[in-house]
Amino acid sequence: MRTDIPWSTLPAREHLLAGAVDAAGAPVLDVVVPVHNEEKDLETCVLRLHDHLARTFPYRFRITVADNASTDRTPQVAAQLAAVIPEVRSYRLEEKGRGRALRTVWSHSDSPVLAYMDVDLSTDLNALLPLVAPLISGHSDLAIGSRLARSSRVVRGSKREFISRSYNLILRSSLAARFSDAQCGFKAIRREVAQRLLPMVEDTGWFFDTEMLVLAERAGLRIHEVPVDWVDDPDSTVHIVKTATEDLRGVWRVGRALATGALPLDRLARPFGDDPRDRAVPGVPRGLARQLVGFCVVGALSTLVYLALYSLFRLGAGPQIANGAALLVSAVANTAANRRLTFGVRGRGGAVRHQAQGLVVFAIGLALTSGSLAALGTASGSPSHGTELAVLIAANLAATVLRFLLFRAWVFPDRRADHQDARKGSAHELGNVR
C-alpha cells in the first residue's frame, strides 16, 4: 500500500464550469467501461451508452473502453468503435482486474469527473446524470448507485439478493461503513479526489470499489447515493464464491490497516473552512461536544479496566503498588484510544511524543489517587477494600477532568486554527508585498 503521496490538503470543491473545461480540450465526464472477454456485448453497450449521453448529457463527455487482458476479439471491437465514434477511445491492459483497469484509466484521464459502469448496463442509464451532478456542482466527492435504497427498483434472484445484503451487513458491522451498496457497478469520483485516493487503494479486483469507499468515508469525504433501477444479468461471468472469498480477505486487510492507523487518511482532508463543522462559532470551542462524548466513553472503559487491574494486582501487592501498576497500564491504553477516537489523530507520527505527554498526565493522576489513598490510610488506619475503591473513584473523577483539559490543550491541541492563522498571515504579508 503506497503512502508516499505528496502532503497537502485537497482543494476546496467548486462548481465545474463547462466553458472553461471545454476550452481546455477535456470533456467534463469520462465514463469507463471495464471489460474482459466481452466481444458479444461491447458494441451494443457502447452504442447505447453513447446515444443516451448524446441525447441527455449537457456537457462534453468521453467513453473509455478499458480492456483488461481479454483473449477474444474484445480489443478489436473496442478499437473499431474508437475509430468510428469521436467520443469513444479504447485502452488496453495486459493484466486482468477491474480495479486495475479503473485505477489505470482514471489516473491518466484529464476529465474532472470520472465514472464507470458495467458492460451489461444492468443499471438504468437515467440515473447517470443524477449520479454525476453532485460532483459537477461541487457538492460531493464521490457518488454511487444504490440497489438497496428504498426507492430503488431491482430485479434479481434471491441468491444474489442474499449475498449482496449479507456483504453490506458485514461491511457495516466490521468496518462501520455507512454507505448502503458497495458493489453496484455504477460509481463516479472527482478527479482531484481520485488522484489522492487511488494510490491508497491496494486491491486490483472486485474489492477495489469497497476499499475506495471505506477509505473515502473514513477520511470524511462526502459520498452521494443515487437510487437506481437495476436488472440482473443472468449471463454474468462473475464467480460468486471466489469473489466473496477475496472480498472477505480485503475486509480483514483494510480493517487491520484502519485499526493500526497505517493509512495516511489525513492527506484526503479538505482545506480548513471547506467543511462547515470547521468554522469557528464565537463562544463554542471547535469539536468540543464530540470530543467530550468520545473522552467520556474512553474514560468509562478505562476506569473499568483500571479497577479490574487494581483488584487483580491488589491480590499480591500493597495498595500503592497495585494502584501505580493499574494506572500505568490503563493510562497507556487510554492515551492511545483518545488519540485515535477522541481527537482523531491518525497514523504513527508523533505517537511516541503523545505517549510521553500522556505519561506526564498519568503522573498527575497518580499523585491525585495515591495522595487520596495516603490520606485515607492516615485517617482510618486499615480501610476496607470497598472504601478504597470509593475513594479511588472520586479521585479518578477529579483526575479525569484535569486529564481532558490537558489532552485538549497540550497533548492533542487543535492545529487547524493555527494553520488557518498562519495562512491568513502569509496572505496578508503577500498582499503587503504586492
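FYI, side chains are in, hydrogens and waters are out, and symmetry mates aren't considered; it's all heavy atoms of this structure. Just so it is clear, the model here is predicted, and its values are computed rather than measured.
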Do you know which of Arg222, Arg13, Arg190 makes side-chain hydrogen bond (donor to acceptor under 3.5 Å, both in side chains) with Asp141?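 By the side-chain hydrogen bond (donor to acceptor under 3.5 Å, both in side chains) criterion, Asp141 pairs with just one of Arg222, Arg13, Arg190: Arg13.
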For the pair [X] and [Y], name the ring-plane relationship: parallel under 30°, tilted 30 to 60°, perpendicular over 60°.
X      : Y      : answer
Tyr91  : His108 : tilted
Tyr59  : Phe57  : tilted
Trp106 : Phe208 : tilted

Charged N to carboxylate O under 4.0 angstrom, [X] versus [Y]?
X      : Y      : answer
Arg62  : Asp30  : yes
Asp229 : Arg147 : no
Glu161 : Arg165 : yes
Arg98  : Asp209 : yes

| message | Let's go through Asp232 and Val155 carefully: what are the C-alpha distance in whole Å and the side-chain angles of both, what is the deciding distance for side chain to side chain contact (heavy atoms under 4.5 Å, CB included) to 0.1 Å, and is it a yes or a no? | response | CA-CA 6 Å; Asp232 189 17; Val155 179; over 6 Å; no
Do [X] and [Y] have side-chain N/O donor and acceptor atoms under 3.5 Å apart?
X      : Y      : value
Ser330 : Ser302 : no
Asn323 : Tyr306 : yes
Gln183 : Asp247 : yes
Gln195 : Ser107 : no

Minimum-distance pair of heavy atoms, taken over all atoms of [X] and [Y]:
X      : Y      : value
Ala66  : Val32  : CB-CG1, 3.8 Å
Pro413 : Ala409 : CB-O, 3.8 Å
Ala143 : Leu131 : CB-O, 3.1 Å
Gln355 : Ala336 : NE2-N, 3.7 Å
Gly299 : Asn334 : CA-ND2, 4.2 Å
Ile223 : Leu213 : CD1-O, 3.8 Å

Could you grab the distance from atom [atom1] of [X] to atom [atom2] of [Y], nearest 0.5 Å is fine?
X      : Y      : atom1 : atom2 : answer
Phe207 : Thr245 : CZ    : OG1   : 13.0 Å
Cys296 : Phe404 : SG    : CZ    : 8.0 Å
Ile144 : Ile189 : CD1   : CD1   : 12.0 Å
Glu192 : Glu14  : CD    : CD    : 9.5 Å
Asp181 : Ser164 : CG    : OG    : 5.0 Å
Arg178 : Glu217 : CZ    : CD    : 4.0 Å

Looking only at atom types and distance, does a side-chain atom of [X] sit under 3.5 Å from a main-chain N or O of [Y], one as donor and one as acceptor?
X      : Y      : value
Asn68  : Val35  : yes
Ser151 : Pro227 : no
Ser109 : Val105 : no
Ser140 : Leu135 : no
Asp203 : Gly205 : yes
Lys187 : Ala182 : yes
Thr204 : Gly99  : no
Thr335 : Val332 : no
Asn338 : Thr342 : no

Side chains of [X] and [Y]: closer than 4.5 Å at any heavy-atom pair?
X      : Y      : value
Val254 : Glu202 : no
Val119 : His36  : no
Val231 : Arg156 : no
Leu376 : Thr387 : yes
Arg253 : Glu211 : yes
Trp410 : Val360 : yes
Arg191 : Ser111 : no
Leu175 : Ile170 : no

List the steps and the verdict of side chain to side chain contact (heavy atoms under 4.5 Å, CB included) for Leu359 and Leu328.
CA-CA 8 Å; Leu359 289 177; Leu328 176 61; 3.8 Å; yes
Q: Please test Tyr116 against Thr64 for side chain to side chain donor-acceptor pair (under 3.5 Å), starting from the C-alpha separation and ending with a verdict.
A: CA-CA 9 Å; Tyr116 97 88; Thr64 301; over 6 Å; no
- Message: One pair to check against side chain to side chain contact (heavy atoms under 4.5 Å, CB included): Leu215 and Leu258. What are the steps and the verdict?
- Response: CA-CA 9 Å; Leu215 299 187; Leu258 291 173; 4.3 Å; yes
- Pair Met212-Leu197, side chain to side chain contact (heavy atoms under 4.5 Å, CB included): steps then yes or no: CA-CA 7 Å; Met212 178 180 68; Leu197 177 59; 3.5 Å; yes
Would you tabulate the side-chain donor-acceptor contacts of residues 313-322 under 3.5 Å, counting partners in other chains and residues two or more places apart, or write 'none'?
{"residue": "Arg314", "atom": "NH1", "partner": "Ala317", "partner atom": "O", "Å": "3.1"}
{"residue": "Gln320", "atom": "OE1", "partner": "Ser370", "partner atom": "OG", "Å": "3.4"}

| query | Would one find more than 12 heavy atoms of other residues, nucleotides or ligands at under 6.0 Å from atom CZ of Arg172? | reply | yes
